[in-house]
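These notes concern the structure reproduced below.
Along the sequence shown, residues carry numbers from 1. In listed order, ligands and their atoms are each counted from 1.
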Amino acid sequence: MAKQKGKIKRNDDYASKERNLVSLASDFLYRHIWSLLILCLAVCAYFQPHIFSGFIRDWIGFSDHWDTAPLPESPQFLAPHARLEADTTKQQAVVQAFKHAWLAYERDAMGADEYHPISHEGTNLTEAGGIGYTVVDSLDTMLIMGLYDEYHRARRWVNQKLTFDVNGNFSTFETTIRILGGLLSAYELTAQDPLLLEKAIDLADRILPVFETTSGLPLPIVNLAERKGYHTTDFPGLVSVAEVGTLQLEFKYLSEITRNPAYEKKVKQIMEVVDKAKLPHGMASIFMNIEDGEYIPSSVSLGSRADSYYEYLLKQYIQTNFSEPIYRDMYLDAMSSVQTHLFRKTQSGGLTYTSELQPEADETGVLSWRLVPKQDHLACFLPGSLMLGAVSANPTVPRNKISYPPKEEQLSADGLRDWKIGHELLKTCLATHETVTGLSPEIAHFRIASDGMDEMPNAPPDWYIRGAAEDALPSYNARYMLRPETIESLFIAYRLTGDNRFRDHGWNIFQAIEKHCRVDSGGYTTIISVAEIPTRREDKMETFFLSETLKYLYLLFSDDRTIPLDRYVFNTEAHPLPIFKPSR
Ligand code: DMJ
């Protein structure tokens, strides 16, 4: 730099100044290039640790260590003796269906949250990326079906690609039942693969902040990178009873295996709030206020937004080896109440169905309840749950002495009532499969005297699909989206009775799925109306088709050594978790 007697020369021309600056900068860069590179890597490691660690592991070949974690020599989930024999031909047909679905997803969309088999595309649940919903939801089904090659590839993806450091909003409930439940179940079935536990802990820790509310009820949305809970935009301030009451099996099992009570504490606190908020009729309205932990006037239903709350009352009692009678009492109270208030019979065929109570306010604001004869397909988990409750909640003999099927005297009065109604409801769920496709709709309406339909030509005697008119776009009620609930109930009914008729029904449903939902190039889709042929399709394969529908079908045809019901309890996404005696 030009200097004159220690002073900077004022009339330097700009060009020469620029040249000097450039040469200074390049000199600096040259001398500090390595420091800068290291600084960049450190910043990258800080903000995107998974990319950094994945790169390092791949580079030095360390990832192989995790990628080849061995499976136990023989499956952990087999009981020593079988009473019911497998139907291996039908089981293998179900395995082929699983492969048809999984291999298409793997080919077109590996790692994406959701799969669209017609367009051969995958999508994620947030713009920031996904968290492998389909992969993680499928892991334990592969293990149970013995699809170890597929399992190893899926696990490798979990090892190398799955990160929860995603700056996007996810449903607290769905992420818990599908991802946390999927990881924990696969952890159990692989005899404690540490990779899966590490992922489960990371996820649960990111979810924990949703419980930091005044009542302790969880916020329904979680941003996993921010580790922060949010309200939904549709129902700010509210959370559904299914969303609060269907986290318990997963968080309690995680506490048990980590010996860290933090997870269990949060979900037990929820149950205390729900118990305290109890409504006079003993049932749950679908919405609760997150601030004060009270119910707000909203429908009472056994379907959407409520279903798995009832399911988990019973299953919480089963999960800790019948050591927490509070949940049995809450379950039995709720079941007595729903039978009085929600169960009705059709006049023509005498079909027992579940209806909904909807609140209505008059001009003065006084509230009354209207009974709506509407049953979601989702409510078809209940027949199986009632049968399981009959033999588990309060039998008159030790549980291991109950016959197959149970004898009347082995069940309590409540148990016998639930056993019988469970069968009746299952018959109704099967009746809703009596459509041209053999598939049941998302929502069925039942005939009541005041519906005015008698005047209509060809009025259906018992039930119908509202809005399934031909030539119009059918209503949402008419679709079948590969749901598992009827099959789930058939599986439990078969395991508790050994009655082959339940298998026959399951096989018919499976064939209907094959006929109407299977996409030739791979995958299965939702169909828009179960009441029309040829069917129209929606380009979506729900993740629960792999985790639940096909798993329950496979188990329906397996012997009863496989995932025995006295050792495992299924979470609401069909991920089996072990029954344990709490170590605390
Ligand atoms: C699943 O995600 C779970 O079973 C949930 O509880 C509600 N139903 C869907 C499948 O239908």
Charged N to carboxylate O under 4.0 angstrom, R155 versus D193?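 Answer for the salt bridge query: yes.
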Considering only the protein, which heavy-atom contact is closest to atom 2 (O) of ligand 1, and what is its distance?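 Ranked first by proximity to atom 2 (O) of ligand 1 is E573 OE1, 2.6 Å.
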Nearest non-hydrogen protein atom, atom 5 (C) of ligand 1: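 Among all protein heavy atoms, the one nearest atom 5 (C) of ligand 1 is T572 OG1, 3.8 Å.
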Does the plane of the ring in F545 sit parallel, tilted or perpendicular to the ring in Y524? Use 30° and 60° as the thresholds.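 Answer is tilted, since the angle falls between 30° and 60°.
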In ligand 1, which numbered atoms sit nearer than 4.0 Å to a non-hydrogen atom of E485?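 Those of ligand 1 that fall under 4.0 Å from E485 are 4 (O), 8 (N), 9 (C), 10 (C), 11 (O).
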Need the ligand 1 atom indices (1-based, order shown) with element for anything under 4.0 Å from a heavy-atom of P484.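 In order of numbering, the contacting atoms are 10 (C), 11 (O).
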Indicate whether the side chain of Y263 and that of Q248 have a donor and an acceptor atom separated by less than 3.5 Å.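 No - no donor-acceptor pair under 3.5 Å links their side chains.
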Stepwise salt bridge (charged side-chain N to carboxylate O under 4.0 Å, His left out) check, R479 with E442: CA-CA 6 Å; R479 63 185 42 218; E442 182 67 2; over 6 Å; no
Taking atom CZ of R305 and atom CG of L238, what is their separation to the nearest 0.5 Å?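 R305 CZ to L238 CG: 9.5 Å, rounded to 0.5 Å.
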For atom 9 (C) of ligand 1, tell me which residue out of E174, R305, R483, E542 has the closest non-hydrogen atom.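 Selected option, by shortest heavy-atom distance: R483.
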Applying a 4.0 Å heavy-atom criterion (strictly less than), which segment of L378 is in contact with ligand 1: side chain, backbone, both, or neither?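 Contact part for L378 vs ligand 1: side chain (C-beta onward).
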Under 4.0 Å from ligand 1, counting heavy atoms only, is it the side chain of E311, its backbone, both or neither?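 No part of E311 is near ligand 1 at this cut-off.
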Could you tell me which residues satisfy disulfide bond (SG atoms under 2.5 Å apart) with C517, sequence neighbours excluded, listed by chain and number?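 Checked C517 against disulfide bond (SG atoms under 2.5 Å apart); zero matches.
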For ligand 1, is there an atom lying under 4.0 Å from some heavy atom of E548?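 Contact present.
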